[in-house]
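See below for the structure under consideration.
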Amino acid sequence: MGSFLRLIAWIGGFLAALVLLAAWLVPPRLDWTVYREELQRIASAQLGREFRIDGPFALALLPAPRLAARGVVIGEAGDSFTGSADELRLTLALGRLLLGEVAVTELTLVAPRLVMRDLPVPLWVAAVRPAPFLAGTRVTLERGEVSMGTVLLTDVSARLSAQGPLGPYTINGSFGLGGLPIAAEVTLGRAGVDGAATVEAGFMSRGARVAATGLVLHGGFVFSGRVEAEGPDLSVLLPTPALPFRAEARLSVEGGAGSADQLTLQLGEARLSGAVSFAQQPEPRVDIALAAVRLALDPWLTPARGALRAPPFPVGLDLSLEAAEIAGGTLRSVRASLLIAEQQVAVNEASAVLPGGAELALAGAVVAAERGPRFEGLVELDAPDLRALLAWLHANPAWAGPEVLRSLSLSARVAAEPGVLQIEQGTGRLDGVAIEGGVVLRPGATAADRLQLGAGLRLARLDLDQLLAGERLDLRTPSLGRFDANVRLELDALVWHGVAAAQVGLDATLAAGRLAVRRLTAGELAGGRLVLSGAADTGAAARITSFDVDLSGTDASRLGVLLPASRLLGAAAPVWQGGYVLRAAGRAAGELTEVTAVAELLDARFEAAGTTDAAFSRATGRIALRHPGAPRLLSALGLPETTAWLGEGSLALVAEGTLGAAALSLAGADLVAGRLRLRGSGEVALADDGGRFRIAAEAETLPLPGIAWGESAPWSLNPLAGWSGTVALRAASLPIGNSAGLGRVEAQIDLEDGTIRVANITAALRGGTLTGSASLTPQGGFAADWVLADAVLDAPLFGLPFDLAGGRIGMTASVTATGLSPAALRASLSGQASVEASSGVLAGFDMAAAAEALTAPLPDSEALARVRRALAGGATAFELLALQFRAERGVVAMTEAALRAQAGSASASGEIDLRADALGLSITVIPVGGAEALPDLGLRVSGALDQPRRVIETAAAARHLAERERAPRR
């Protein structure tokens with residue numbers, strides 16, 4: 001019995017092993033394709049979709065019966081739910097299979113690719129009338145992909161299970177959305193008699209949780225409930241700052257659309273409110289509206305760059321902020337309407353009030369570009385307080401004056417991306433001046449990189465005096481080495497240093513610290529047109545390396561605004577009617593710069609050639625000025641009537657020297673002008689309020705104009721204020737006016753703060769020697785002392801009716817006066833003078849003729865007539881003449897006058913009024929007639945100096961003649 005039982009056990013074990021071996025080896029070798037139609041029919045009926053199996057089948061009974069089919073296709077083209085899978089796996093119930101029935105306990109789709117245009121198996125249908133095979137059946141997706149419009153779920157792995165024929169149903173799984181891994185669990189409860197079923201959903205990703213609870217209603221996919229979301233760091237889910245967040249809202253869904261209202265959102269310390277709506281048709285889209293009282297925007301700037309790639313479906317955003325903090329400033333009334341979709345952000349509308357009250361409005365789009373997000377659109381800016389706006393941007397230029405950059409209104413197309421800001425087609429007003437054009441700005445990626453600026457602008461007017469009234473801006477300014485620029489400017493009007501120009505054009509570049517002015521043009525500049533080009537190095541080794549300047553015009557009188565001697569040019573403007581050409585060029589030569597210049601105007605030609613240092617602070621070279629007519633050129637410069645004393649002839653000036661920033665060293669200068677022949681050398685040092693000089697001048701002929709003593713126009717010594725120095729003068733001939741003047745002149749002329757002093761003057765005058773000194777102050781104080789010795793007169797001294805007409809003369813004088821015109825000096829003359837003459841001739845009366853008339857045997861009447869003629873004119877040869885004068889405020893009193901001659905003697909007294917050019921003299925003539933005593937003759941002179949009236953007293957002569965007639969004849 002025991003042996004039998006053991007035999008049965010061995011047979012049973014063998015049969016069991018044989019059955020297991022058959023179940024393992026045989027099913028894979030059987031042709032199961034005969035079940036293809038049946039399986040496709042069953043699946044299509046249960047899913048409500050076309051279900052097709054194109055690939056081969058395989059069946060394995062161990063470890064559990066499982067049927068695998070490859071090449072699965074679900075649905076037909078145009079269906080709301082279509083897809084495919086690499087493999088379909090069906091786990092079958094073994095007992096039912098042995099009875100010939102197919103009972104699926106688990107359905108698995110491997111690598112499915114599902115496309116949904118609507119919710120797949122409608123949940124409301126599943127809740128009320130679930131598919132039979134779902135009862136007790138688990139449905140699994142492995143490594144799937146689900147597409148709903150523009151939304152793509154990747155790496156989908158999920159399992160649907162049902163606790164009973166009517167639910168509840170549970171989905172557990174995970175998927176990826178926009179690169180974000182999400183774990184999900186959804187539970188759908190049993191539907192009640194009213195068709196409502198409960199839904200609970202939870203989603204987890206990177207520490208954040210989203211939960212929704214509510215009811216699903218039968219008759220359409222209608223959901224009503226609440227949704228909550230919270231997490232420690234929102235930045236792990238969305239392109240936002242790393243902030244904790246919490247959100248709550250009421251959620252309503254019907255069909256493929258829904259909304260979340262009563263939304264409250266806590267982001268860090270900021271609290272926002274708003275609503276969210278979404279729709280699946282025609283394409284999935286979410287619209288968000290948020291509002292807040294205050295929000296700090298600085299933390300959002302960098303994360304916002306990820307907004308272009310973050311959303312898997314279009315997202316509309318309406319943002320409203322009463323205040324927003326950014327870059328240390330506060331924006332007011334911030335409004336933005338955005339649409340984020342398809343790798344771009346459409347800015348439908350955005351506006352804000354910036355610091356300083358500037359109103360900004362823009363519209364456009366942000367798209368993905370190679371450098372990063374790129375904005376293109378229209379921008380309008382109205383900044384009534386531009387300085388406050390620039391201060392917020394840390395862009396207030398130190399070189400700008402306080403009266404500029406005060407306001408700006410601008411409308412332009414703007415393109416901006418990381419590293420590039422481009423403003424095109426801009427129009428507006430800067431400080432009330434019309435401006436148009438565009439600007440391209442390329443900031444460096446790092447602080448060491450150079451800023452690149454490109455600008456093409458047109459302005460109605462630019463005042464550089466106001467624009468550059470701040471800190472000094474020159475080639476050494478360090479900021480010039482921190483950026484490159486390509487600038488084209490057009491200006492209708494330009495003002496600089498008070499000089500105006502019109503139609504100004506500038507084309508210039510700045511690259512790696514090298515400035516190149518390709519072309520600068522300016523019209524209506526001093527009546528001409530300027531064309532300039534050049535190049536320069538900036539920074540510590542700043543220098544101008546080359547330049548070419550051309551200024552030409554038709555009205556030379558307007559050059560006065562460009563030249564220091566503008567007062568002379570202004571006075572002479574009526575005669576400056578000729579054209580002019582000014583050209584200059586310079587090229588770097590080692591450490592120096594070689595400069596040449598030519599100027600032609602008023603038939604004059606000016607040439608200059610030399611070298612200068614890099615800073616143009618010290619120049620050495622030669623200049624030459626030539627003109628065919630010296631009097632004509634001086635007349636054009638405001639010095640009329642020079643021919644009489646200067647003479648005819650050309651003008652030539654040639655000079656060599658060194659000019660420094662505040663000093664001129666003149667090695668030699670030769671000047672020829674008419675009769676003038678002068679050579680000089682010296683040094684001049686400039687100061688803020690004048691300067692100092694030391695000059696030595698030597699002249700062959702130095703003509704000077706005569707003094708018109710009746711001229712009342714005052715001289716101005718104001719230009720001499722602040723100057724001091726010495727001129728050592730030597731002249732072989734110094735003619736004054738039409739007179740021969742002085743010879744062998746040596747003098748030292750000193751200037752001290754506007755006061756002129758001529759000291760130690762010595763000169764030859766009419767064969768004698770003149771020594772003396774003189775001074776004139778800016779207030780008109782004049783003083784002079786001179787001594788004339790051994791001068792020989794061969795012509796009348798003053799050309800007056802009473803005058804010295806010959807002889808050897810000596811004179812001393814010490815006078816003072818007050819005034820700045822010849823007439824004022826003469827009218828205020830005070831002092832004293834003495835004259836001694838010998839062996840000379842005195843014009844005015846003929847003493848010898850009077851004596852002869854009194855001694856000749858003539859009738860009385862004829863003798864008296866001859867006496868009157870002798871005292872009415874003629875000349876008297878004298879042996880000695882002595883005169884003493886004292887002047888007081890223009891009135892010269894003759895305190896002593898004595899004349900001794902062979903024909904007699906004479907004395908005089910009286911005064912000369914220089915203010916009225918009048919005189920009043922009483923002259924007593926005492927003729928000598930041998931042994932006979934002759935009577936004194938009287939002569940009274942009064943009236944104008946050049947035509948005085950004479951009253952001749954002949955009573956004593958008549959008595960003398962009568963007495964001689966009565967006396968007995970011998």
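None of these values were measured; they are calculated from a predicted model.
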Intermediate values then yes/no, salt bridge (Lys or Arg N to Asp or Glu O under 4.0 Å), Glu746 and Arg744 | CA-CA 7 Å; Glu746 292 188 9; Arg744 301 192 303 276; over 6 Å; no
Please say whether more than 12 non-hydrogen atoms of neighbouring residues, nucleotides or ligands are located less than 6.0 Å from CG in Asp670.
-> yes
Least distance between heavy atoms, Ala901 atom then Thr876 atom = CB-CG2, 4.4 Å
Using modelled atom types only, decide if a donor and an acceptor are shared between the side chain of Asp803 and the backbone of Ala805 within a distance under 3.5 Å.
-> no
Check: residues 810-821 side-chain donor-acceptor pairs under 3.5 Å, at least two apart:
| from | atom 1 | to | atom 2 | distance (Å) |
| --- | --- | --- | --- | --- |
| Thr812 | OG1 | Ser834 | OG | 2.6 |
| Ser814 | OG | Asp785 | OD1 | 2.5 |
| Ser821 | OG | Ala824 | N | 3.2 |

Assess the side chains of Arg900 and Ser905: does a donor N or O sit below 3.5 Å from an acceptor N or O?
-> no
Please test Leu804 against Val841 for side chain to side chain contact (heavy atoms under 4.5 Å, CB included), starting from the C-alpha separation and ending with a verdict.
-> CA-CA 6 Å; Leu804 281 173; Val841 176; over 6 Å; no
Would you find a donor on one side and an acceptor on the other, under 3.5 Å apart, between the side chain of Glu711 and the backbone of Ala713?
-> yes
Should Thr611 and Thr620 be marked as a side-chain hydrogen bond (donor to acceptor under 3.5 Å, both in side chains) after you check the CA-CA gap, both sets of side-chain angles, and the distance that decides it?
-> CA-CA 5 Å; Thr611 59; Thr620 300; 5.2 Å; no
Can you check whether Val499's main-chain N or O pairs, donor with acceptor, with His497's side chain at less than 3.5 Å?
-> no
Just by modelled atom types, is the Leu871 backbone N or O under 3.5 Å from a matching donor or acceptor in the Arg950 side chain?
-> yes
In Å and rounded to the nearest 0.5 Å, what is the CG to CG distance from Leu678 to Leu671?
-> 5.5 Å
Any donor and acceptor pair, going by atom type alone, linking the side chain of Thr726 with main-chain N or O of Asp750 inside 3.5 Å?
-> no
Testing Leu899, Leu937, Val928, Ile926 for side-chain contact (heavy atoms from CB on, under 4.5 Å) with Met847, which one passes?
-> Leu899
Check whether any side-chain N or O of Thr924 sits under 3.5 Å from a backbone N or O of Ala906 as a donor-acceptor pair, and report yes or no.
-> no
Distance-minimising heavy-atom pair for Ala747 and Val758 | CB-CG1, 4.3 Å
Salt bridge between Glu888 and Arg886, side-chain N to carboxylate O under 4.0 Å?
-> no
Has Glu852 got more than 12 heavy atoms of other residues, nucleotides or ligands less than 6.0 Å from its CD?
-> no
Atom CD in Glu836, atom CD in Gln884: separation rounded to 0.5 Å?
-> 7.5 Å
Arg583, CZ: over 12 other non-hydrogen atoms inside 6.0 angstrom = no
Can you check side chain to side chain contact (heavy atoms under 4.5 Å, CB included) on Leu788 and Thr769, steps first, answer last?
-> CA-CA 6 Å; Leu788 176 63; Thr769 302; over 6 Å; no
Which heavy atom of Ala699 sits nearest a heavy atom of Leu702, and at what distance?
-> CB-CB, 3.8 Å
How many angstroms lie between atom CG of Leu919 and atom CD of Glu911, to the nearest 0.5 angstrom?
-> 9.5 Å
Check: Leu883 and Glu896 side chains under 4.5 Å, non-hydrogen atoms | no
Would one find more than 12 heavy atoms of other residues, nucleotides or ligands at under 6.0 Å from atom CD of Glu862?
-> yes
With side chain to side chain contact (heavy atoms under 4.5 Å, CB included) as the test, would you mind laying out the steps for Thr658 and Arg618 before giving the verdict?
-> CA-CA 7 Å; Thr658 299; Arg618 183 179 178 84; 3.4 Å; yes
Check the pair Ser724 / Arg692 against side-chain hydrogen bond (donor to acceptor under 3.5 Å, both in side chains), numbers first and verdict last.
-> CA-CA 5 Å; Ser724 62; Arg692 296 186 61 83; 2.7 Å; yes
Is any NZ, NE, NH1 or NH2 atom of the basic residue among Glu752 and Arg757 found under 4.0 Å from an Asp or Glu carboxylate oxygen of the other?
-> no
Backbone of Trp645 reached by a side-chain donor or acceptor of Arg675 within 3.5 Å = yes
Say you draw a straight line from CZ of Arg889 to CG of Asp913; how long is it, rounded to the nearest 0.5 Å?
-> 13.5 Å
For the atom pair CD (Glu683) and OG (Ser665), what is the distance rounded to the nearest 0.5 Å?
-> 5.0 Å
Value rounded to 0.5 Å, distance of CD in Glu698 from CD in Glu700 = 10.0 Å
Checking Asp613 side chain against Leu592 main chain: does a donor-acceptor pair fall under 3.5 Å?
-> no
Output yes when Asp603 and Arg632 qualify as a salt bridge under the 4.0 Å nitrogen-oxygen rule, no when they do not.
-> yes
For Arg679, does the CZ atom sit with more than 12 other heavy atoms under 6.0 Å from it, leaving out its own atoms?
-> yes
